[in-house]
Amino acid sequence: MKPYNPAEIEAAAQSAWRDADVYRAVERADRRKFFCVSMLPYPSGKLHMGHVRNYTINDMMYRHLRMNGCNVLMPMGWDAFGLPAENAAMKNGVPPAKWTYENIAYMKTQCQAMGWAIDWSRELATCDPSYYRWNQWFFLKMLEKGIAYKKTGVVNWDPVDQTVLANEQVIDGRGWRSGAPVEKREIPMYYLRITQYAEELLSSLDRMPGWPERVKTMQANWIGKSVGVRFAFPHDIMGDDGQPIGGGRMYVFTTRVDTIMGVTFCAVAAEHPLALHAAKGNPALAAFIDECRHGSVIEADMATMEKKGMPTGLFVTHPLTGDRVAVWVGNYVLIGYGDGAVMGVPAHDERDFAFAKKYGLAIRQVTAIDGEAFSTDAWLPWYEDKARGRCFASGKYDGLPYAQAVDAIAADLAALDLGEKRTTFRLRDWGISRQRYWGTPIPIVHCAACGDVPVPYADLPVVLPDDCVPDGSGNPLAKRADFVDCACPKCGQPAKRETDTMDTFVDSSWYYMRYACPDATVDGKPAMVDARNDFWNPMDQYIGGITHAILHLLYARFWTKVMRDMGLVKMDEPFTRLLTQGMVLNHIYFRRSDKGGIDYFAPDSVETTHDASGKVTGARSKADGLPVEYDGVGTMSKSKLNGVDPQDMVDRYGADAARLFVMFAAPPEATLEWSDAGVEGAYRFLKRLWAFGQARADAIRAATGAFDWRDAAPAVKAARRDIHLALKQANYDFDRIQYNTVVSAGMKMLNALEAAPAGAPGGAAFVREATSILIRVLYPVVPHVGCALWDELGYAREFGPLLDAPWPQVDPLALAQDEIELMLQINGKLRGKLIVPAGADRDAIEAAARASAEVAKHAAGAPVKKVVVVPGRLVNVVV
RNA sequence: GCCCGGGUGGCGAAAUCGGUAGACGCACGAGACUCAAAAUCUCGCGCCUGAAAGGGCGUGCCGGUUCGAUUCCGGCCCCGGGCACCA
């Protein structure tokens, strides 16, 4: 008997698939198309467990649907631009291009070794000019349409390294390499007008039943539609030009205009014109504004930092009462959001309440609820309850509920020409400029005479030099005269090329369209997409991390709609069904560097000590023996160095065992905490499966021909029932993409098969049928061993190659039973079981229950008040 | 801080419409085979109590609805994800 040898089995299966090119998909009308894609991986160097999980889910779906008659396409590509390549360059002195392409080559061999059903003819890398030229092309189209535009934006600036930092490069307000306090800096950037699509991006969510509710909720909250009132506080503060600043109006937006009578101050952002004006004669204020302009641009930091303010000494006029209202500068007011100014109503806004208490500002109650007492001593949640509150101490608005108060006050403000109702969105336009080398060059030329000039379409792509090595001090492109110096496309005079590159979310916004037509042409000329895109997209199933629930998915949806509006695609939405797989977590170890940065350590590079319950109590580096800190579990990520290399597992146990374990350990949507235990178990199961197949091979090959199952021995019937029940469960679980229980269904089948009486009447036919079902159910998880057994046991002669073999059918006769077992409860507690004929009606079941020994014992003669009968399940006797 | 999830034995998990809690596996324990080990196979395995039969408790915590709650409702605690320049 041949032992289970995954290396041999897998290599043979993979070379057979490759030689016959079995995963190449073509557009064909005779089968239902199914386009399933996993979010494209970043080529960080090696596959990690998240990839293995993602692509194995995808692969199971592919193989299951293909056997069910679908024309399935599963492509692959590389999200090849981005920061890690620059970081690697700084560390190793290797150009990002070289590093990236070497990583891709290695990871591709890993993908092939995993046995995934990828159509490699469609492979793409986003750092390839043949791909990113279309980012540039579409950017110029958007510029023409006004979707792309230029304005200033705020970035993290490292004053020592003289470079812009990504948010993740800012640690505790300091640059990760220099340790210098980070400053905010305003620079010109290109933006995409996603806010123009906010309404559609929101309303379409209701027509996307294939998306998880939680993702739709997150996106809806992110878009953040709110209906409120934008109105002005008039003032006569004059600017240096002798004109009233802002036309004599300070605009604010509020969703709580019903509380307008409670305004006791206003707060503006540090960059607001009134703040800047007031600072001119006020050094203390100027210092405070300067302080506000330092520090983090990260929203979470903004939300958790101490709320601080300083009076400007300026006053505006309350539009309804005519009162003088003091204007403060608040560090929590953002210039980029709304008008950069807010009204302060301490009595009915928790943040304003805290602010007023801190600075001794007036708190004026203007809504009330019967039976609730208001006090300025402490905040109570009902103060901002707009559902129950009624206007109070608000003159003519007294007694009005929220909606009516808003209408009345908005009308009065409109009559004064000082305001109007307005719908606003939390969503901000998408800034795509990055002051970095390794990305798509923004195709703009800066000319002293002509200004910003788009690169002519005929000159695309603007090719990124592939030999730069970033050193952490600004964008290396800016130092490359051969890149920067060029002729103005308009006037021909010497000009400078834009050195900013695009956000990598641009790359990932449409790559799945390029899969459909990797060599797209229209009218014989290269094109971004062609008609084949309309064949494969919208995508039937998208699979990726919950991490991308908001940004990537929202940007891709937006991008699709812009392409639609330019007539490039027909779809409204790109992703019909979405599966957000859970993260793969692993332990995190780190050490603070002497500069204040953080160095991470891979879990296999440290030794840990545990307490009795298994909790980590300490860790030290294997390399230097010095302690490192433990930071609990977190997502596997390249920056934290806590990814697990699947290669070790493949080398030891084979790809099938690795796949089986990852699918079995948790349902696809749940998080999966990595542990080395369990892979061994998966391997053991495959050895058992293999050994079973070897032991029964001759009998199975011989047992051809039909068998009338009515003639089977009772034990064979029972075993056959187990198999078909497990098949039914597996079918259900395939459809709802709960693959962990598909695996357990396969395990149940093998258990039933091993225990079955093969020698009894019908036994041989049963083993042949059941084994064929088992192999087909497990094949999507473990295709290599599946194919090997299928061929060896002779099933290919009956059903054809396993790749396209028919999916097994549940036989209803196999499930039928003469008698069924019901749970017997007394007062809701399980007390026994009841065997009744399968066709027994409620009365018969109730009678059997009343007559049971358990009722006699536990009811002890007490009268039966009620009997609840749930057919097929249980009977509950209430006494 | 705000938004979204999750919490079930020693561990990963299952339970399809409110109806047997813990399927399937890991770890562990006992046994078989073996000179021995590995591998493999068999049995046991939520907690407490009991010789056993049985009884009690048990799905993060507190409360509610129901004949019956892991499942529905209210409140709380803890953990994870996102927060716009990681991808």
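The sequence lines fix the lettering, A, B, ..., with proteins before strands; numbering per chain opens at 1.
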- prompt: How is A:L83 classified with respect to the nucleic acid when contacts are heavy atoms under 4.0 Å: base, sugar-phosphate, or nothing?
  reply: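 It contacts sugar-phosphate atoms only.
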- prompt: Across the strands shown, which category fits A:P41 at heavy-atom distances under 4.0 angstrom: base, sugar-phosphate, nothing?
  reply: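 Nothing: the residue A:P41, judged by heavy atoms under 4.0 Å, touches no strand.
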According to the Watson-Crick and G-U wobble definitions, with both distances under 3.5 Å, which nucleotide is paired to [N]?
{"N": "B:A13", "value": "none"}
{"N": "B:A23", "value": "none"}
{"N": "B:C86", "value": "none"}
{"N": "B:G31", "value": "B:C41"}
{"N": "B:G74", "value": "B:C62"}
{"N": "B:G80", "value": "B:C4"}
{"N": "B:C57", "value": "B:G46"}
{"N": "B:A52", "value": "none"}

- request: Could you tell me whether B:G9 is syn or anti, where syn means a glycosidic angle within 90 degrees of zero?
  value: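 B:G9: syn.
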- prompt: Is B:C76 in the syn or the anti form, by the rule that syn lies within 90° of 0?
  reply: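 Because its glycosidic torsion lies more than 90° from 0, B:C76 adopts the anti conformation.
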Using whole Å, report how far [atom1] of [X] lies from [atom2] of [N].
{"X": "A:E299", "N": "B:C86", "atom1": "CD", "atom2": "P", "result": "14 Å"}
{"X": "A:K307", "N": "B:G1", "atom1": "NZ", "atom2": "C1'", "result": "6 Å"}
{"X": "A:L554", "N": "B:C4", "atom1": "CG", "atom2": "P", "result": "16 Å"}
{"X": "A:K857", "N": "B:G55", "atom1": "NZ", "atom2": "P", "result": "5 Å"}
{"X": "A:M583", "N": "B:C4", "atom1": "CE", "atom2": "C1'", "result": "14 Å"}
{"X": "A:E384", "N": "B:G1", "atom1": "CD", "atom2": "C1'", "result": "13 Å"}
{"X": "A:D503", "N": "B:C86", "atom1": "CG", "atom2": "P", "result": "9 Å"}
{"X": "A:I543", "N": "B:A87", "atom1": "CD1", "atom2": "P", "result": "23 Å"}

[X] and [Y]: aromatic ring centres closer than 6.0 Å?
{"X": "A:F661", "Y": "A:Y653", "result": "no"}
{"X": "A:Y332", "Y": "A:F355", "result": "yes"}
{"X": "A:Y197", "Y": "A:W559", "result": "no"}

query: Between A:E350 and A:R428, which is nearer to the 5' end of RNA chain B once each is assigned its nearest nucleotide?
result: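 By nearest-heavy-atom nucleotide position, the 5'-most residue is A:E350.
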message: Quick check: on RNA chain B, is the nucleotide nearest A:T547 upstream (toward 5') of the one nearest A:N221, or the reverse? Name the residue that is more 5'.
response: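 It is A:N221 whose nearest nucleotide is closer to the 5' end.
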Does [N] have OP1 or OP2 sitting under 4.0 Å from an N or O in the side chain of [X]?
{"X": "A:K687", "N": "B:U40", "answer": "yes"}
{"X": "A:R684", "N": "B:A27", "answer": "yes"}
{"X": "A:K866", "N": "B:C67", "answer": "yes"}
{"X": "A:Q825", "N": "B:A69", "answer": "no"}
{"X": "A:R351", "N": "B:C2", "answer": "no"}
{"X": "A:K829", "N": "B:G58", "answer": "no"}
{"X": "A:N740", "N": "B:A14", "answer": "yes"}

Centroid distance under 5.5 Å and plane angle under 30°, A:W222 vs B:C83: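 Answer is no, no stack.
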In whole Å, what separates the [atom1] atom of [N] from that of [M]?
{"N": "B:U8", "M": "B:A13", "atom1": "C1'", "answer": "9 Å"}
{"N": "B:G25", "M": "B:C45", "atom1": "C1'", "answer": "14 Å"}
{"N": "B:C61", "M": "B:C3", "atom1": "C1'", "answer": "24 Å"}

query: If you round to the nearest 0.5 Å, how far is CG of A:L660 from CZ of A:F685?
result: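 That separation rounds to 6.5 Å.
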Atom of A:W176, atom of A:I171 and distance for their closest heavy-atom approach: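 Looking at all heavy atoms of both residues, the closest pair is CB-CD1, 3.9 Å.
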- request: Applying ring-ring contact (aromatic ring centres under 6.0 Å, His included), run through A:F664 and A:Y739 and close with a yes or a no.
  value: CA-CA 7 Å; A:F664 182 57; A:Y739 295 148; over 10 Å; no
message: Looking at A:E854 and A:K857, is any side-chain nitrogen of the basic one under 4.0 Å from a carboxylate oxygen of the acidic one?
response: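 Looking at A:K857 and A:E854, the cut-off is not met.
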